[in-house]
Amino acid sequence: MNTTAVSLPQDPEITPAVIAKHGITPDEYERIQKILGRKPNFTELGIFSVMWSEHCSYKNSKPELRKFPTTGPTVLVKAGEENAGVIDVGDGWGIAFKMESHNHPSAIEPFQGAATGVGGIIRDIFTMGARPVFNLNSLRFGAISGDGPNVKTNRRLFSGVVAGIAHYGNCIGIPTIGGEVYFDESYEGNPLVNVFCLGVLKHEEIARGAAKGIGNPVFYVGAETGRDGLAGAAFASRELTEESKQDRPAVQVGDPFKEKLLLEACLELLTTDAVAGIQDMGAAGLTCSTCETASRGGTGVEIDLEKVPKREVGMTPYEIMLSESQERMLIIVEKGKEHIVKEIFEKWDLPYAEVGVVNNDGMMRVKVGAVTVAEIPARQLADEAPIYNREVSPKPAPVALKNLPKTDVGCALGKLLADPSIASKVWVYRQYDHMVRDGTMVLPGSDAAVFIVREANKILASTSDCNAIYCALDPREGARVAVAEAARNLACSGAIPLAVTDNLNFGNPHKPENFWQLRECVEGLAEGCNAFNTPVTGGNVSLYNENPAGAIDPTPTVGMVGIIEDEKHVTTSSFKDAGDAVILLGELGNEMGGSHYLKVLFGRKEGIPPRVDFTKELALHDTLRGLIRQGVVKSAHDCAEGGLAVTLAESCICGKKTLGADIDFAATGLQPEVLLFNESQTRVVVSVAPAHADAAVAFAREKGIPARRIGTVVGGAQLAIKADGAEYKWPVADLSATWYGSISSLMSEA
Amino acid sequence: MKAAVIRFPGSNCDQDCHYALQRVFGISTDYVWHKDSSLKGYDLVVLPGGFSYGDYLRCGAIARFSPIMKAVTDYANAGGLLIGICNGFQVLTESRLLPGALVRNRSLHFICEHRFLRVGATDNPFLNLAQPGQVLNIPIAHGEGNYTADQATLEELNANRQILVRYCDAKGTVSEAANPNGSLNNIAGICNAGRNVFGLMPHPERACEARLGSEDGNVIFQSILKYLKN
């Protein structure tokens, strides 16, 4: 083996302390020496530390991720093959989509942390040759209400993250059309920022991130390399501590204008025949893009750092290789077509440079002029990180509630609607341009975002879901519910689910309880994805989400995409017309464990969370879609946090106009708290014209779905609910003011 | 009849404008690159929304100096029809093709939502099919749409009936409560004294299809079509 890589005079000596500081264990260091046949120099040690971080290598989660279903007749590019998976949507069109986390950077610097998260996921999508058409996000913060000690900090993080996402998405011109935001003390100091992007492309436009063609030149395009984001992947793969603020250099700074130029230039370049391979420089920057393209191509790549465009002088090879400066791409160009790259990147006023060449020795070789500063077998670096089977230790099974605390039912609905996790997120999505690209058919705030992709003439629905309280109490069941709820949200919008991307947010995997949660959640997600026939096309694992008080609640966020076959099937959650019948599809339910009723009113996260039966769930969705196809469904809204009462209230107030409703459950034999606020799964409230009510109920019952007419949209000024001889009334104007205004009034408090 | 949509590197509503003009209204439409310097042969020029050159400085402050803006200015001074939407409006005020300036929204937040606009003067190429006082439902999406001008300019705008649309409520009442961004006198869009240059913050190209929630933007494009046909 060639061992020409030299150590540089300024390099620190490789001591056990230096190795440990890089997060490399003694065993891993042994393995590195075996791969190299010698000791690594400082640059090489840095390269291994980022590539073998959890963020890049999935070394702790890979054995678990293999449990996901990843294949199916519509899968064009599988999970893990490329930067993002690709799914066939018919007529020669495909969609590339993925979710990714930027949790740790956002904890330290919320605006840039979130902004660069958006930038990164967008690059993952256009690297595939797809034009990004919309974004979603799933955000979690500590409490922003109440008098806890960290409320102000949590508000600052929340407002910074939202502003960062808006800054990047609005400028680049990709609409942010939906998502979810939750607030819970478990995220204090460690918010979750999961961002999702979806793009469209023709099947023949799928681009590959492989360094193909010996002798082909390797181009660096986009922003200059600076010292920002040094070793961010490694930073993301350890716990946040009091000292983490000193890691601010590990947070990158985003330039959405530059990314807009890069996006247009790359998509223009991909329409030519000049590109042999393309890869974005995200986590682990130049390091990851060179060794991964070489590994995928079964080739080697040699680059010269003197040729890399740099923002600063005096950067060491270590810094250049580990920088995570944003808005950069690596492109393998067909030899002889270099002039095309030059023309296009000059047109868009973007830096570009030929920095290297594809060769046949399987090495990732980094030079500074004539001096080799790193030389590592590419495949072993990129794909042969150690894999760990971590120890698991089950948490005790959740205990059934002994007694249900009672409260004033009238006030309880108001308190639930005011809870920031349930309240309208208009304060958030008003800051996002959610209409650019002229395709947003259902505005944010309904069960799923619906977008028509004009170029493909396809209507897509998309949602992200996860109730982490359920996951904390019972990780497997919580994950199963997350998939079921995502599929239900799509069904309520008139869509058929296609595929899933996931973002697994957990605590330190070295703690057996955390790893047990990860395993349970993955298995729960896999069960769900199998049940709904939605393969996982990729995603992201974010571990080490802890603060000094402990790990976050396990949060396996599910991003699900579906297709709506006909424009007429697009359905929203708000009541439409006075006189319409209100029908409950599904049971009345009775599960109070893990409910928001307990959490919001009593501060209790306990009990056995609701169970989901996939056979029943699927039958419900098919029935609902059947009714939608018949053209009778005027609104559909799923029952989730806050139960039936919240569902009914939201349907009254979330449309263009508020509409009151008279609901009568007759005799149920349930305590009113249970009837109104239980969170049993597999339930949807629909409204239909009165003439269709009986037929709709009969149709559902024929399909084996419990169905009953529970009332009428009366259009007056109040929501009235009768049950078991009691009657509750709420002015819809009050419900509306509470629901829409809650977050904005909290955020305007000094 | 031929339209040009100017493409700055950071334009991001260029495709939406192109779609509205060409597909919805059947006007043959070209993209014109910011490094070009000619607008010969066009009957309508659109400065679309977006972030022209990143707009990290004042919005539109750099776009003003781009090669194409010399051609746009000559075209407008010769009486050509020119419409600037959102960032396009900002570019027009920075270029002094329209008076006043657009500053940060009062809330300091970017705001994206449907808004009602009350039509002012209709004796111009952009609203000749609308009724004075008509209420249009058209979305806004901007961080710097707070229109401001000095008293003399405001008086001139009023005297010349240059204020074409103001923010109002669903009933058409122009009030402080209906003002999303702090704009002076609820101004959402104005034209120049020659009535051939129109700048507005709301996005009529996003309100051209019922399936996207509103078709009220159509009246602007149909008015332009009618004017050009005559």
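Letters A, B, ... mirror the listed sequences (proteins, then strands); counts begin at 1.
For B:Tyr53, the parts lying near chain A are the backbone and the side chain together; criterion is any non-hydrogen pair under 4.5 Å. Proximity to chain A (any heavy atom under 4.5 Å) is shown, for B:His114, by both the backbone and the side chain. For A:Glu567, the part lying near chain B is the side chain, with the backbone staying farther off; criterion is any non-hydrogen pair under 4.5 Å. Using a 4.5 Å cut-off between heavy atoms, A:Ile452 contacts chain B through its side chain alone, with no backbone atom that close. Of the atoms belonging to A:Lys347, heavy atoms from both backbone and side chain fall under 4.5 Å from chain B. Contact of B:Ser107 with chain A is not made at all, since no heavy-atom distance falls under 4.5 Å.
Most heavy-atom pairs under 4.5 Å with chain B: of the set A:Val442, A:Asp349, A:Val570, this distinction falls to A:Asp349. The most heavy-atom pairs under 4.5 Å with chain B, out of A:Val162, A:Ile174, A:Thr440, A:Asp255, come from A:Asp255. In terms of heavy-atom pairs under 4.5 Å with chain B, the best-connected choice from A:Arg454, A:Lys260, A:Met441 is A:Arg454.
Side chains of B:Lys70 and B:Ser66: no donor on one and acceptor on the other come within 3.5 Å. With hydrogens and angles left out, the side-chain atoms of B:Tyr42 and B:Asp30 include a donor and acceptor closer than 3.5 Å. For B:Tyr31 and B:Gln15, the side-chain atoms include no donor-acceptor pair closer than 3.5 Å. For A:Asp228 and A:Ser325, the side-chain atoms include at least one donor-acceptor pair closer than 3.5 Å. For the residue pair A:Tyr432 and A:Asn135, no side-chain donor N or O sits within less than 3.5 Å of a side-chain acceptor on the partner.
Side-chain rings of B:His142 and B:Phe89 stay apart, their centers remaining 6.0 Å or farther from each other.
A 6.0 Å sphere centred on NZ of A:Lys342 holds no more than 12 heavy atoms belonging to other residues, nucleotides or ligands.
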